[in-house]
4 protein chains.
Amino acid sequence: MFSKFLSLDEEKQMRILNAAIKVYVERGYDNASTNAIVKEAGISKGLLFHYFQNKKTLYLFLFDYCLDMVMKEFYEKVNLEERDFFARLRQISLIKMELLNKFPDIIRFFEKAILEEANDIKGDFKEKIFSVKSSTAIFDDIDTSKFRDDIDIQKAIKSILWTFEGFSNEVLTKAKALNLKKPDYEEVFSEGEQYIEMFKRSFYK
Amino acid sequence: MFSKFLSLDEEKQMRILNAAIKVYVERGYDNASTNAIVKEAGISKGLLFHYFQNKKTLYLFLFDYCLDMVMKEFYEKVNLEERDFFARLRQISLIKMELLNKFPDIIRFFEKAILEEANDIKGDFKEKIFSVKSSTAIFDDIDTSKFRDDIDIQKAIKSILWTFEGFSNEVLTKAKALNLKKPDYEEVFSEGEQYIEMFKRSFYK
Amino acid sequence: MFSKFLSLDEEKQMRILNAAIKVYVERGYDNASTNAIVKEAGISKGLLFHYFQNKKTLYLFLFDYCLDMVMKEFYEKVNLEERDFFARLRQISLIKMELLNKFPDIIRFFEKAILEEANDIKGDFKEKIFSVKSSTAIFDDIDTSKFRDDIDIQKAIKSILWTFEGFSNEVLTKAKALNLKKPDYEEVFSEGEQYIEMFKRSFYK
Amino acid sequence: MFSKFLSLDEEKQMRILNAAIKVYVERGYDNASTNAIVKEAGISKGLLFHYFQNKKTLYLFLFDYCLDMVMKEFYEKVNLEERDFFARLRQISLIKMELLNKFPDIIRFFEKAILEEANDIKGDFKEKIFSVKSSTAIFDDIDTSKFRDDIDIQKAIKSILWTFEGFSNEVLTKAKALNLKKPDYEEVFSEGEQYIEMFKRSFYK
DNA sequence: AATGAATGAGGCTTCATTCAT
DNA sequence: CATGAATGAAGCCTCATTCAT
């Protein structure tokens, strides 16, 4: 289906994909006009539709493409031997930070895709996201014996994960408000560590 | 400014507002075409612009209108005497559930508005949301003496609030996935109670 | 046809007519929205159409109304006894200045009407203007014996009139460029006098 | 900026420009609907906006385009060696007649543009006209020694130019009234000559 | 493969005019 | 006589998609 596109030299592939990502991140699906994409990519309108049936197909492909890229990184780096929940959390948080550093546009692409509202593509994005979430059990095989016995472990884990989600948003929002390109990762790390300590003191034996 | 609209008989006002809300919730700002709104409301295109200068003004009005409606409910029901954090949390969660029951569309309108990405209105929505958030300190004046001394109270509170946010999203997503119009509130309440118990056991003295 | 309008108390008549003139002068026929007119006049939309079949009828009436007003002034003041061409020219120029002073809006209304381009009304205005021009022979019965014999009197008169037209536009344009509400009439008069002297020296015996 | 348009084959360019001119001349800026233009040009709505950002840009381009066309003709033919005012005037009048013959629509386009009242474009047209007027001093370097000493030369020149302006309008209006496509240029020339003779006799030594 | 001209539906908005009250 | 809510056509402009070259 995308054989035409994939047999392109890599530089041109990247130019097109990055253009599509950039425009999408800046404007969302509806306002990501094909005009803007081809202009940014430096190709002709016709060519875009030569490679991708239509705008929707382009972004569906882009989603999968970005996902692959990120997943590969992820699985290379996460150490599944480590069974302590907080050690794992620390690891994953670090990897997330690195990803944000390494592929900032791609990550922003996902952030937007998660919230996409355009009827045309909303459903397809949601489906993909759902199937990713349910297939990646990065917190499986945790050593539960360390948790206090009077604590519902599933709920505790959820709380901690939601907390880190909220904390991450807080950090991003603050950085944006201060017009920083990236948060100060030292500081973020140290504050994250404080949350971890708090949860350890409270939920572990 | 909206005097024309406000002097309309209430039935028609509601028809128009509900149409605008419905279309917005289904499609987002950009795709909430005025065509769709007037069709849903059963009025002519011209009439919409007789009442509202333009699409943006309509949705800005709608935001304030919905906010008033919700705020009124809220302030009638929250008991500011109660200083125990979890008691207050329980109260507020209950009120949220009731609101969701009473004004499901309005609440969904806000959920979307918070995440709105359409350049045209994003900023204005964010501003309004910000000024609401900073003016309503529903967790002020909490009795902090009950928290463990080795716990950073601000971080603990944030964790709990983020947890309840995450929990609430989980509930909503599950309900949607099961094609339920509303979650089973009994169940939600009981599960929420379990989270509260867990936090009390962990963060209180 | 306009009996309804004419039986209105004069104050209201004037309010409506002045509103129509003002809006027309500021925006031209096409952009003179009935909304703007009724707002300026402080009456309802329906009422305007109660008095005037439609927008076109209103402005056709207005043209005649303004013309009457101006003509009355004109014929009261021009002295047809005076047979010297330049004396008559001086007279007429003075009357024009006075009119401009007394009915600035009405005169501006005519200035615009003469140039009106809106298809809807262009033809009717042009016709009215034509029939006025051809019926008012304010330079009839001139004493031609004073002109040099080697001069074509008709051409000389035309030259002088076109010169005064050009001069008048020049004055108005200058005033506008300097942001003056009215030209400095002293100065205009004295410069006009110089043109008259020049022509006298050149065209008279 | 207009590269897309300019790289079109000339026939189509002309079809579009002539359509825009025709519609403009007939109806003025406000009423020159893009619908009418594309219909007249036999192209789709979208295509017009593919070439020109918007209606205003189209007409600004058209102005410059027409001006170039006319200016080229003008400068090819005017002889700046000739220092006698009337000889120069005769030259220029002849060139004007030829232009009117060669580009009747373009000339009518300017006639209208000069008087344009549409707020959207009035200012820009005025500016362009102003900069043309001030840059083209077609009556510079005149031999003033031939004028009578008791005559204000500036005023004399203005009179003559205004007279020729008036005369030109008279000719055009008459032709239109008689439903002629063009005036009878023989006759016009001979009548113009009579004006020149009259002024020579009166203003020259 | 590659271009970009060409299309036409659909989006927001304005406005003269009508009509129920 | 007076109001202003209501209509719908028409205006400008955008955009995904097609197609001849």
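All values below were derived from every heavy atom in this structure, side-chain atoms included, with hydrogens, water molecules and symmetry-related copies excluded. Note on naming: letters A, B, ... go to the chains in the order of the sequence lines (proteins, then strands), and numbering restarts at 1 for each one.
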### Message
Is B/Asn35 close enough to E/dG11 that one of its side-chain N or O atoms is under 4.0 Å from OP1 or OP2 there?
### Response
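True: B/Asn35 side-chain N/O within range (under 4.0 Å) of E/dG11 OP1/OP2.
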#### Entry: Short side-chain N/O contact from B/Thr34 to OP1 or OP2 of E/dC12, under 4.0 Å
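For E/dC12, OP1/OP2 do have a side-chain N/O of B/Thr34 under 4.0 Å.
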### Query
Which dot-bracket string describes DNA chain E (Watson-Crick N1-N3 plus N6-O4 or O6-N4, or G-U N1-O2 and O6-N3, all under 3.5 Å; [ ] crossing; | other strand)?
.||||||||||||||||||||
To the nearest Å, give me how far apart [atom1] ([X]) and [atom2] ([N]) are.
X	N	atom1	atom2	result
D/Lys39	E/dG8	NZ	P	14 Å
B/Gln53	E/dT14	CD	C1'	13 Å
B/Lys55	E/dT14	NZ	C1'	17 Å
B/Asn31	F/dC15	CG	P	13 Å
D/Leu58	F/dG11	CG	P	16 Å
C/Leu6	F/dC1	CG	P	12 Å
D/Phe52	F/dC12	CZ	C1'	16 Å
A/Ile37	E/dG4	CD1	P	17 Å

#### Entry: Contact nearer the 5' end of DNA chain F, comparing B/Asp9 with A/Asp30
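Its nucleotide being nearer the 5' end, the pick is B/Asp9.
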Does atom [atom1] of [X] have more than 12 heavy-atom neighbours, drawn from other residues, nucleotides or ligands, at distances under 6.0 Å?
X	atom1	value
A/Lys22	NZ	no
C/Glu11	CD	yes
D/Lys126	NZ	yes
B/Lys56	NZ	yes
B/Phe130	CZ	no

### Query
Any salt bridge between C/Asp9 and C/Lys12, counting N to O under 4.0 Å?
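Looking at C/Asp9 and C/Lys12, the cut-off is not met.
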### Message
Is the ring pair B/Phe52/B/Phe2 parallel, tilted or perpendicular, if the boundaries are 30 and 60 degrees?
### Response
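Because their plane-to-plane angle lies in the 30° to 60° range, the rings of B/Phe52 and B/Phe2 count as tilted.
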### Task
Return the orientation label for the C/Phe125 and C/Phe63 ring planes: parallel under 30°, perpendicular over 60°, tilted otherwise.
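Taking C/Phe63 first and then C/Phe125, their aromatic rings sit tilted (interplane angle of 30° to 60°).
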Atom pairs under 3.5 Å: protein N/O with N/O of nucleotides 1-3 of chain E:
from: E/dA1; atom 1: OP1; to: A/His50; atom 2: NE2; distance (Å): 2.4
from: E/dA1; atom 1: OP2; to: A/His50; atom 2: NE2; distance (Å): 2.9
from: E/dA2; atom 1: OP1; to: A/Lys12; atom 2: NZ; distance (Å): 3.3
from: E/dA2; atom 1: OP2; to: A/Tyr51; atom 2: OH; distance (Å): 2.5
from: E/dT3; atom 1: OP2; to: A/Ser44; atom 2: N; distance (Å): 3.3
from: E/dT3; atom 1: OP2; to: A/Ser44; atom 2: OG; distance (Å): 3.3

### Task
For A/Ala36, report the nucleic acid contact type (base, sugar-phosphate, nothing); a contact means any heavy atom under 4.0 Å.
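Nothing, no heavy atom under 4.0 Å.
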### Query
Counting side-chain heavy atoms from CB outward, which of E/dT18, E/dT13, E/dC12 is closest to C/Phe49?
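So the side chain of C/Phe49 is nearest to E/dT18.
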### Task
Please list, chain by chain and in numerical order, all residues satisfying side-chain contact (heavy atoms from CB on, under 4.5 Å) with A/Lys112, sequence neighbours excluded.
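For A/Lys112, the residues satisfying side-chain contact (heavy atoms from CB on, under 4.5 Å) (neighbours in sequence not counted) are A/Tyr24, B/Glu117.
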